[in-house]
Amino acid sequence: MSADPRQDIPLTVAGRTFASRLLVGTGKYRDFDETAAAVEASGAEIVTVAVRRTNMGQNPDEPNLLDAVPPSRYTILPNTAGCYTAKDAVRTCKLARELLDGHNLVKLEVLGDDGTLYPNVVETLKAAETLVNDGFDVMVYTSDDPIVAKELERLGCCAVMPLGSLIGSGHGLLNPTSLAIILDNAEVPILVDAGIGTPSDAALAMEMGCAGVLINSAIAHARQPVRMASAMKLAVEAGREAYLAERMPRRASASPSSPFAGRINA
Amino acid sequence: MHIQLNGERREFASELTVSELVDQLALTGRRIAVEVNEEIVPRSQHAETRLTTGDCVEIVHAIGGG
């Protein structure tokens, strides 16, 4: 245990400070009203979006996601989901920067295959280097490999976001040992991105010292997404408080909470 | 002339600018980004950027995602 108690400092990403440590996605909701309500209930300030081809011949009055989660209120974090090469990821980030009026914070993810959505770290490293050199602030989705996480930090990524388990799987943190090593080595915020299934998963990540968690499916695919968004908010706050408080040591034997002295049968 | 627009071939009676294309698609004023031949065309240059036959144009917007 360190000599001084842990002090809370707000989450800082690329020079911007955030009160909430829960980042949320906007995929898989029934409609934009549900998206807006869930994002609001989550208390998140950073909200991810995807970049896709505009449907041609669409109704000009078709609702727009960015009306439901306006960039004036939220920090929009465009992702490169669906990109399998560094080149496509870099193109997508440039499109996102144009879409969002020069906003340069992006979530880089370069995937390896459709079945696992596991990151292709070789392409991820290439894309990260290109994007950082082009002035982007890169929050990067990666595997739970501590060497790769450190390398992404060294390349200048402003946050490193290892998976807890496969995207959309809801299996939680499958390799906490590896995550602990990443946290020990890190000099940038580490956020768990992918795999959180339930609030206890989010709380565990926060108790371990993660700077935040990014959640989409676990909220959107709950039976009541807005209520689950609120549950995740509480879990992230509880986990953070527990990390700061520092948990009790584990003991091999029992230790009574009520004193032995003064028992009536003594 | 023809262009490849979001992966589909489109024919036009005459040459047009990015602004004119966006207008024809009823996307004027919407939050979109345009790329021509893998280069971003900033919004400030839509009016002056002429498309020529064979150009590959991508027009994107934000949708829900994680």
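The chains referred to below are lettered A, B, ... by the order of the sequence lines, with proteins before strands, and numbering in each begins at 1.
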Please state whether the side chain, the backbone, both or neither of [X] comes within less than 4.5 Å of a heavy atom of chain B.
X: A:L66; answer: side chain
X: A:I215; answer: neither
X: A:K87; answer: side chain

Is there side-chain contact between [X] and [Y], with heavy atoms separated by less than 4.5 Å?
X: A:I167; Y: A:E109; value: yes
X: A:E45; Y: A:L11; value: no
X: A:L191; Y: A:R21; value: no

Exercise. Judged by atom type as modelled, is there a donor-acceptor pair below 3.5 Å linking the side chain of B:E20 to the main-chain atoms of B:T17?
Worked result: yes
For this session: Side chain from CB out, backbone as N, CA, C, O: work out which of these in B:I63 comes under 4.5 Å of a heavy atom of chain A, or both, or neither.
Result: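 Both parts, backbone and side chain.
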Exercise. With no hydrogens and no angle check, do the side chains of A:K107 and A:T80 hold a donor and an acceptor under 3.5 Å apart?
Worked result: no
Exercise. Hey, which of A:L65, A:L99, A:N216 has the most heavy atom pairs under 4.5 Å with chain B?
Worked result: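 Top option by heavy-atom pairs under 4.5 Å: A:L99.
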Problem set entry | Pairs of heavy atoms under 4.5 Å with chain B: top-ranked of A:D101, A:V47, A:L77, A:D193 |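 Among the listed options, the one with the most contacts to chain B is A:D101.
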